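Side chains are part of it too, since the values below use all heavy atoms of this structure and drop only hydrogens, waters and symmetry mates. Everything quoted here is computed from the prediction, not taken from an experiment. Whatever order the structure lists ligands and atoms in, that order sets their numbers, starting from 1.
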Amino acid sequence: MAVIVQKFGGTSVANAEKIRGAASRAVAAKRRGYDVVVVVSARGHKTDDLVELAHEITKHPRPREMDMLLSTGEQESVALMAMAVHELGEEAISLTGAQIGVLTDTTHTKARIVSISTKRMQELLKAGNIVIAAGFQGVDAEMNITTLGRGGSDTTATALAAVLNAELCEIYTDVEGVFTTDPRLVPEARKVERISYDEMLELASLGAGVMHSRSIEFAKKYRVQLRVRPAYSDGPGTLIAPESDNATSVVTGVAFVRNEALITLVGLPNQPGVMSTLFSSLSAAKIPVDMVVQNVAREGTANVSFTVAEDELKAALVVAKATAASLQAEDVVATTGLSKVSVVGHGMQTHTGVAARMFQVVAARGINIRVVTTSEIKISVLIDRSRCNDAVQAAHSGFQLEKATSSLPQVGCVSNGHRNGAIDAASPELTADIVARLDSMESIVVSDITADTNQSRVTLSNLPDDPGIAETVFTAIAAGGVLVDMIVQNAARDGKATISFTVLRSDLDCAILLLREVMETYVGSIVTSDRRIGKIAVSGIGLRSHTDVGARLFRCLAANSINVEMINTSELKLCVVISADQADLAMTQLRTEFGLHANV
Ligand code: ASP
Ligand code: MG
């Protein structure tokens with residue numbers, strides 16, 4: 001029989017009435033013919049209350065005892081939920097993490113799943129029970145209780161759905177689903193019907209409240225079909241699946257990070273090892289870095305900019321200044337009061353003009369863009385914080401996200417029509433493989449490394465630092481139907497901006513031709529290009545929170561004397577441009593560094 005996993009968050013089981021409501025959903029699914037596994041969080045603010053209580057006793061509770069304490073929240077919920085199901089006339093049995101057989105490592109308070117034994121659950125399901133599983137918890141090899149980190153019930157639910165080969169994993173929560181942007185800022189924000197795993201991860205700043213990102217990466221790897229649904233109504237919620245619904249819209253959502261600060265190291269020597277030094281120091285100081293940009297060097301020196309959360313600025317500046325001194329950089333410049341606004345959507349891989357449109361809507365409101373970074377499915381701009389709301393609203397209406405089907409005014413729109421909505425059913429071998437790889441899956445930081453040597457780089461320097469420049473440039477490119485891949489704009493120097501971007505090598509000449517006219521209007525501007533570049537992309541989860549990924553990447557490149565020419569980041573990816581001749585070497589070395597097998 002098909003298995004369905006239903007997860008209920010804290011607010012959805014806060015009191016007896018809500019528990020009854022959740023139980024009746026499980027019973028309804030059972031009566032529709034499903035084998036039902038319910039995963040429950042602690043009620044309401046229970047976990048927070050327990051954390052607070054512990055801190056009333058001691059400032060430094062030991063992690064083992066914290067796990068013992070916190071796991072009780074979920075234990076209470078599963079028992080109550082089982083009772084509620086019994087009242088509705090179905091069989092149910094509650095299980096703790098240990099009883100399910102969720103084996104974890106011993107990292108108390110943020111343990112990783114090593115394996116899950118499905119035997120007992122399968123038997124109970126077969127005997128007609130609804131299985132009520134405690135989320136967020138497991139046991140280590142010594143039977144010590146462990147927890148998976150705050151919000152970890154989502155990960156329990158997705159992992160159970162993966163090992164049980166569930167048809168669907170429903171996440172019941174206190175919102176309608178995933179929205180095109182924060183409805184508090186844009187009242188017209190619309191609930192999205194369907195979103196891809198990658199989009200959900202790139203929208204992390206929006207999605208974070210909705211789901212634990214770790215569980216999305218998990219779902220992506222094992223193709224678990226997820227549906228985020230409201231617990232309080234019959235709303236269909238949002239489906240999180242391999243592909244988004246890009247038949248209807250090019251852009252899926254607008255995300256923003258309000259409090260960013262920018263640090264620029266000016267005049268760094270353009271040689272291998274520089275980035276490694278900087279990022280090793282930041283990582284050692286445990287400072288999470290958000291956007292990282294490096295544009296191509298000029299006159300032998302490079303400028304690197306990165307953003308940090310504003311409250312990390314002080315600490316980051318100490319590190320940046322020390323590093324700058326040791327590398328004999330010319331200067332360190334810090335800017336506060338900035339926000340990052342991003343548009344995310346799979347459509348941009350196949351539609352030209354998305355970047356142009358983004359820059360147009362921002363320019364139309366007279367907002368100056370200070371820094372640009374992109375990934376395949378995301379364009380981020382760094383702007384003044386006072387204009388953040390404006391920019392989010394402008395992007396939202398500019399891409400017509402309030403409408404279910406947007407007719408984005410397109411220039412040279414191409415779509416290869418590639419969509420694959422169906423989810424492959426996992427074979428028994430795959431299930432065995434999932435169980436065997438849970439551990440590596442859970443500890444994964446870097447999931448893929450690719451090299452692309454089919455692109456060329458174009459750099460426009462000496463541009464005025466005014467609103468509307470990026471718009472003009474990318475509108476001209478889009479008008480010629482050229483698809484732009486990576487876009488990097490670093491902080492302006494001496495009132496002059498530099499923008500670099502990459503295009504397919506076969507489009508290079510066309511791109512330069514398209515630019516000729518606009519560049520003539522900017523006196524003193526310069527166009528340079530590099531026909532053969534190597535673009536290395538490192539993707540994974542938590543690149544931002546795992547401060548050492550960047551450090552390891554740059555250390556590995558430096559150890560192999562590979563110079564980094566350009567850097568670009570997103571939530572999901574870290575991209576560097578190096579010389580094409582070194583792309584293979586970089587790939588092999590990085591795959592070894594991050595423990596990826598050649599064909600995974
Ligand atoms: N109860 C845990 C927490 O509050 C786990 C969860 O809700 O997912 O973080
Ligand atoms: Mg949660």
Please check whether Ser153 reaches ligand 1 - meaning an N/O of the residue sits under 3.5 Å from an N/O of the ligand, judged on distance alone. yes

Take the angle between the ring planes of Tyr172 and Phe8 and call it parallel below 30°, perpendicular above 60°, tilted in between. parallel

Nearest atoms (heavy-atom pairs only) where Ala157 meets Val5: O-CG1, 3.8 Å

Check contact between Gly9 and ligand 1, using heavy atoms of the residue and a distance below 4.0 angstrom. no

Of Arg229, Arg227, Lys7, which meets salt bridge (Lys or Arg N to Asp or Glu O under 4.0 Å) against Glu170? Arg229

With a cutoff of 4.0 Å, is Glu74 in contact with ligand 1, counting heavy atoms of the residue only? yes

Ser41 heavy atoms within 4.0 Å reach ligand 1 at atoms 6 (C), 7 (O), 8 (O)

One finds that the ligand 1 atoms under 4.0 Å from a non-hydrogen atom of Gly151 are 3 (C), 5 (C), 6 (C), 8 (O), 9 (O)

Give the atom numbers and elements of ligand 1 that come within less than 4.0 Å of a heavy atom of Arg150. 3 (C), 4 (O), 9 (O)

Can you check whether Gly149 has an N/O within less than 3.5 Å of an N/O in ligand 1? no

Which pair of non-hydrogen atoms, one from Ala395 and one from Val343, has the smallest distance, and what is that distance? CB-CG1, 3.9 Å

Taking Glu310 as the fixed residue, which of Leu338, Val257, Asn259 is the one that meets the side chain to side chain contact (heavy atoms under 4.5 Å, CB included) rule? Asn259

Which heavy-atom pair separates Asp48 from Arg150 by the least distance, and what is that distance? OD1-NH2, 3.0 Å

Do any nitrogen or oxygen atoms of Asp154 lie less than 3.5 angstrom from nitrogen or oxygen atoms of ligand 1? no

Going through the checks in order, is the salt bridge (charged side-chain N to carboxylate O under 4.0 Å, His left out) test met by Arg190 and Glu402? CA-CA 6 Å; Arg190 188 175 45 81; Glu402 70 285 356; over 6 Å; no

Take every heavy atom of Gly135, measure it against each atom of ligand 1, and state whether any distance is under 4.0 Å. no

